Structure formats: structure tokens, C-alpha cells
Amino acid sequence: MRAKKEPTIYPGVRYRSHATRMHAGKPDRYFFIRYKLNGKGVEEGLGWASEGMNAKRASLERSKLRESQRTGSGPQSLHEAREDVRTEQESARLDVLEHKQENMLFDELVPQYLKWAEANKKTWIWDERRLRNHIQPVLGVLKLKEISATELEELKFQCQKKGLAPATINHCINLASSLFNFANRLGIYEGKNPVRDIKKIKHDNKRVRFLSHDEARKLMKEVKSRSEDFYHISMVSLYAGLRFGEITGLTWSDIDLEHRIIHVLDPKSGYNRQAHLVDLLYDLFSIRFREQESNPSPNSLIFPGRQGQQIFKVSHTYKRSVDDLKMNEGITDHRHKVVFHTLRHTFASWLALQGTSLYMIKELLGHKTLEMTMRYAHLLPDQKKSAVEEMASKAAL
């Protein structure tokens with residue numbers, strides 16, 4: 001049952017005590033004021049004592065309303081007064097929004113976007129690097145409303161001037177577009193996304209080159225002579241098909257030595273998969289486990305950087321090894337150059353050459369669709385040819 005409203009020493013001001021909630025050593029009080037509006041009695045609530053309301057303040061509010069009624073100016077009721085406050089607040093909000101729309105710099109938008117990206121995108125760290133290294137140096141000091149196709153073409157030109165791969169340049173253009181869409185959702189940018197007028201760079205980014213067994217042995221030997229750690233990272237890519245970021249993000253909780261399995265979590269494809277530990281990799285991980293703490297934390301990185309953080313950039317050790325072996329000498333087409341990703345491509349190519357089904361290769365690589373794995377189909381015909389010739393020889397008349 002609700003408590004009865006009690007009078008105060010101020011005319012037209014009453015309160016009701018809360019049944020359980022206390023404030024300042026006594027039951028919390030909710031204050032009401034009574035007055036006439038258009039000849040009818042009205043009672044409206046003002047607020048709790050715990051929120052700063054008291055009888056004297058309530059009486060002052062009642063007096064303001066009665067004065068407004070007497071003079072015919074200002075709000076005639078608490079409802080009208082609250083609506084006026086809401087209107088003023090909304091007007092102030094729109095003024096701030098308009099100011100942001102007119103004056104916000106691209107650099108000011110970036111922290112807001114990255115905060116959202118960190119919570120919603122698995123690849124947000126790459127967004128941060130592309131923004132810092134390539135996009136902000138060109139667009140950062142410009143107001144959002146000043147950025148047009150002209151400035152975005154300049155971004156593309158500067159990226160090309162740096163020698164960035166076409167795929168990387170397109171990533172930068174797409175990221176700039178994402179920021180404009182983000183600003184539009186926040187209500188701080190209106191109008192057409194200027195990136196819509198920019199043509200992406202057409203390119204064929206499919207790797208063609210893969211290593212022979214002899215090339216792989218020589219390369220791994222050269223890498224090992226320079227860095228034992230990066231040799232281990234390279235071997236995981238060559239014999240398990242993991243991407244560089246997947247390898248450097250591995251923790252001991254991802255390794256099941258008993259069942260010889262690597263659990264690849266949150267990969268680029270968006271779903272989880274398992275990789276098999278061949279004998280060579282089983283020995284590698286067993287040794288690293290013993291060499292680390294007596295009982296490494298499940299969350300410890302297996303291949304940490306110097307400061308214990310995840311590594312995001314391929315070591316110069318690898319490129320120097322490739323250069324010393326002259327593996328890229330005279331090669332200008334990036335698809336034929338040996339890079340770190342060549343190790344993953346070699347893993348898949350070797351599987352295809354030995355007759356492994358494209359579906360199995362797709363699962364081992366973590367491709368989203370079989371279409372992505374079809375690049376290895378051209379390596380299968382020799383296997384088909386051998387099968388047909390074997391059949392023909394047995395069925396010869």
C-alpha cells in the first residue's frame with residue numbers, strides 16, 4: 001500500500017515517503033506541488049530528496065509557475081517547463097551537431113572509428129596501421145566536408161608512389177569509405193560518400209609462384225642461420241598453411257600436443273579451423289614449450305615480440321634470406337615473387353600436386369568458398385592424366 005502524502009510547512013507542497021529507501025538517515029521523500037491551471041486543480045511530481053529536491057525548492061518552483069500564470073508569459077505547468085527544457089537541450093544538441101558537421105577534421109573522426117572498430121572488427125589493428133601510415137598523412141588535416149574525389153585520388157597517388165601493392169591501396173580506399181559511412185551513422189556527416197567516385201585499381205593478386213622442395217630446404221636453412229624464432233614461424237606456415245597473423249597470434253591454449261592439433265581461432269575467413277601437427281612441427285612446439293616457463297600460461301603467445309606483444313610485421317630476416325638466395329632476381333611481376341605468403345601457397349600447391357582434393361585444401365587453408373581454392377586446380381591435371389593412363393593400360397585390348 002502506498003504511503004499517504006504528507007503536507008509541509010510550504011503551502012501547496014506535499015511529499016510521500018519511500019517504504020524502504022533511505023536518504024540522510026530517514027526515508028527518502030518524493031515531493032509534489034499543487035496549483036490551479038485553467039481553473040482546475042493540478043498536482044505534479046517534482047522529484048526525490050535523494051536527487052536534490054526539498055520542500056523549499058518545490059515551493060520556489062510552484063511560485064514560478066504561479067507568476068507565469070499571472071503574467072501570461074513562460075510555462076504554465078511543470079509539463080510545459082519540462083518540454084521547454086527538452087526543446088532547449090535538443091536545440092543545443094543540434095547546434096553542436098551542426099558545428100561538428102561544418103568543422104570536424106578527418107583526424108578527429110579516427111579515434112571514434114577505431115574505438116568502434118576494436119569492439120566490432122577482428123582486423124581493427126590493420127585499420128589502425130593503414131590509417132596512421134597511409135590515410136591520415138593525406139586526409140588527416142582536412143575537414144570531412146572538404147574531402148572530395150580530388151583528395152581521394154591524391155591518397156591513391158601517394159599510396160602508389162610509396163610502392164604499395166594494388167590490393168593494399170584498395171584496402172585504404174575502402175577504409176576511407178568506411179569512415180565516411182561511420183560518420184554518417186553518427187550524424188556528423190551528410191551527403192554522398194565521396195569514395196563512390198573513386199575507381200579501384202584492377203589487379204590480379206593471386207600468387208603463382210610456389211617453392212620446389214629443394215628451394216624450400218635452402219630457404220629454411222638460410223632463415224634458420226639468421227633467426228631460430230623466425231625459422232619456426234616460417235615452418236608453421238610451410239607445413240601447416242597458416243597465415244602470418246594467425247601464427248604470431250597463437251597461444252598455448254591453441255596447441256593440443258596430445259592430439260597433434262593447432263586450433264586456428266578467429267582467422268581472416270571468419271570461422272575457426274584445425275591444422276595438423278606433422279612430426280616436424282610437433283617436435284618444434286614441444287621444444288618451445290620446454291624452453292619457455294616450466295608451465296607457460298595458456299594465454300601466453302608462442303611467438304612473442306621483443307616486448308612480449310604480438311608481431312604484426314614480417315621480419316627483415318626473411319627478405320634478406322630470399323635476396324641472398326637470389327630467388328627474386330630479375331622478377332618484376334609481384335605474383336611471381338617469393339614473399340612470406342609464398343610458404344602458405346607452397347603448402348597448398350604441394351597438397352594439390354599429390355592429388356589432395358580441392359575441398360580438403362579449402363578446409364586446411366580456411367577459405368570461405370571453394371572458388372578461392374580453385375587457383376590450385378591447374379596443379380591437378382597431371383594426377384588425372386596418370387589415372388586415365390593407368391586405366392587405359394589395364395584395359396588395353
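FYI, side chains are in, hydrogens and waters are out, and symmetry mates aren't considered; it's all heavy atoms of this structure. Just so you know, these numbers come straight off a predicted model, no measurement behind them.
Here the closest heavy-atom approach between residue Ile201 and residue Pro166 is recorded as CG2-CB, 3.9 Å. Heavy-atom minimum distance, Ile135 versus Cys172: CD1-O, 3.5 Å. Heavy atoms only, all atoms of each residue included: Val195 and Phe180 are closest at CG2-CD1, 4.4 Å. In this structure, Phe312 and Phe244 approach most closely via the heavy-atom pair C-CE2, 3.7 Å. Nearest heavy-atom pair, Ile33 versus Ala58, reported as atom, atom and distance to 0.1 Å: CG2-O, 3.4 Å. A pairwise comparison of heavy atoms in Arg243 and Gly366 identifies NH2-O, 4.1 Å as the closest pair.
With Ser321 contributing its side chain and Leu219 its backbone, the two residues share no donor-acceptor pair below 3.5 Å. No donor-acceptor pair closer than 3.5 Å links the side chain of Glu108 to the backbone N or O of Phe106. No donor-acceptor distance shorter than 3.5 angstrom exists from the side chain of Ser253 to the backbone of Asn299, with no hydrogens or angles considered. Under a 3.5 Å cut-off, the side chain of Arg344 and the backbone N or O of Gly241 do form a donor-acceptor pair. In terms of modelled atom types and a separation under 3.5 Å, the side chain of Asn170 and the main chain of Lys200 share no donor-acceptor contact. Of the possible donor and acceptor atoms, none in the side chain of Trp116 sits under 3.5 Å from a partner among the backbone N and O of Phe182. Within the 3.5 Å criterion, the main-chain N or O of Thr342 finds no donor-acceptor partner in the side chain of Arg209. Checking side-chain atoms of Glu151 against main-chain N and O of Ser148 turns up a donor-acceptor pair under 3.5 Å. A donor-acceptor pair under 3.5 Å is absent between the side-chain atoms of Asn133 and the main chain of Arg130, judged by distance alone. Side chain of Thr251 to backbone of Pro298: a donor-acceptor contact under 3.5 angstrom is found.
A side-chain N or O of Ser50 and one of Asp28 form a donor-acceptor pair less than 3.5 Å apart.
Using a 4.0 Å cut-off between charged side-chain N and carboxylate O, Glu67 and Arg70 make a salt bridge. Ionic pairing of Arg320 and Glu222 is not present here: no N-O contact between side-chain nitrogen and carboxylate oxygen is shorter than 4.0 angstrom. The existence of a salt bridge linking Asp229 and Arg288 is confirmed by a sub-4.0 Å separation between a basic side-chain nitrogen and an acidic carboxylate oxygen. Glu190 has no carboxylate O lying under 4.0 Å from a charged side-chain N of Lys145, or vice versa, which leaves the two without a salt bridge.
Here Ile302 contributes atom CD1 and Ile233 contributes atom CD1; the two are 10.5 Å apart, rounded to the nearest 0.5 Å. To the nearest 0.5 angstrom, Leu114 atom CG is 6.0 Å from Glu128 atom CD. The NE2 atom of His18 sits 11.0 Å away from atom CZ of Arg16, with the distance rounded to the nearest 0.5 Å. Between Asp127 atom CG and Leu179 atom CG the span is 8.0 Å, to the nearest 0.5 Å. Atom CG of Leu280 sits about 11.0 Å away from atom CE of Met220, to the nearest 0.5 Å. Note that NE2 of His336 is 11.5 Å distant from CG of Asn328, once rounded to the nearest 0.5 Å.
Side-chain atoms of Asn193 and Asn181, non-hydrogen and from C-beta on, do get closer than 4.5 Å to each other. Looking only at side-chain heavy atoms (C-beta outward), Ile247 and Phe340 come within less than 4.5 Å of each other. You'll find the side chain of Ser234 reaches within 4.5 Å of the side chain of Tyr318, heavy atoms only. Side-chain contact between Ile188 and Leu109 is present, with at least one heavy-atom pair separated by less than 4.5 Å. Side-chain contact between Lys224 and Met235 is absent, with no heavy atoms from C-beta onward closer than 4.5 Å. Proximity of Phe285 to Trp252: side-chain heavy atoms (C-beta onward) are separated by under 4.5 Å at one or more points. Looking at heavy atoms from C-beta onward, Leu65 lies out of side-chain contact with Glu61 at the 4.5 angstrom threshold. At a threshold of 4.5 Å between non-hydrogen side-chain atoms, the residues Ile261 and His276 do not count as touching.
Ring centers of Trp126 and His171: at least 6.0 Å apart, outside the cut-off.
Atom CZ of Arg34 is surrounded by 12 or fewer heavy atoms from other residues, nucleotides or ligands within 6.0 Å. Within a 6.0 Å sphere centred on NZ of Lys56, other residues, nucleotides and ligands contribute 12 heavy atoms or fewer. In Lys5, the NZ atom is crowded: over 12 heavy atoms of neighbouring residues, nucleotides or ligands sit closer than 6.0 Å. Counting non-hydrogen atoms of other residues, nucleotides and ligands closer than 6.0 Å to CG of Asn120 gives a total above 12. At most 12 non-hydrogen atoms from other residues, nucleotides or ligands lie less than 6.0 angstrom from NZ of Lys221. Annotation: Met372, atom CE; neighbour count of heavy atoms from other residues, nucleotides and ligands within 6.0 Å is above 12.
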- Can you check side-chain contact (heavy atoms from CB on, under 4.5 Å) on Tyr376 and Leu353, steps first, answer last? CA-CA 9 Å; Tyr376 302 105; Leu353 285 169; over 6 Å; no
- Task: Show your reasoning for whether salt bridge (Lys or Arg N to Asp or Glu O under 4.0 Å) applies to Lys218 and Glu215.
- Result: CA-CA 5 Å; Lys218 289 179 180 178; Glu215 286 177 321; over 6 Å; no
- Step by step, work out the side-chain contact (heavy atoms from CB on, under 4.5 Å) result for Tyr35 and Gln69. CA-CA 10 Å; Tyr35 57 93; Gln69 291 174 356; 3.6 Å; yes
- Message: Please determine whether side-chain contact (heavy atoms from CB on, under 4.5 Å) holds for the pair Met374 and Leu358, giving the CA-CA distance in whole Å, both sets of side-chain angles, and the decisive distance to 0.1 Å.
- Response: CA-CA 7 Å; Met374 287 301 294; Leu358 289 177; 3.5 Å; yes
- Message: Working note: Gln158 + Lys162, criterion side-chain contact (heavy atoms from CB on, under 4.5 Å); need CA distance, chi angles, decisive distance, verdict.
- Response: CA-CA 6 Å; Gln158 291 299 331; Lys162 289 180 181 178; 5.5 Å; no
- Item | salt bridge (Lys or Arg N to Asp or Glu O under 4.0 Å) between Lys319 and Asp323, worked out | CA-CA 6 Å; Lys319 185 178 185 305; Asp323 290 344; 2.9 Å; yes
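With a 6.0 Å cutoff to the six-membered ring centre and a 45° limit on the axis angle, Arg129 does not count as a cation-pi contact of Trp124. Taking the ring centre of Tyr15 as origin, the terminal cationic atom of Arg29 falls inside the region bounded by 6.0 Å and 45° from the ring axis. A cation-pi geometry, defined here as NZ or CZ lying under 6.0 Å from the six-membered ring centre and within 45° of its normal, does not hold between Arg14 and Phe32.
Screening Glu363, Glu246, His367 against Arg273 for a side chain to side chain donor-acceptor pair (under 3.5 Å) leaves a single residue, Glu246.
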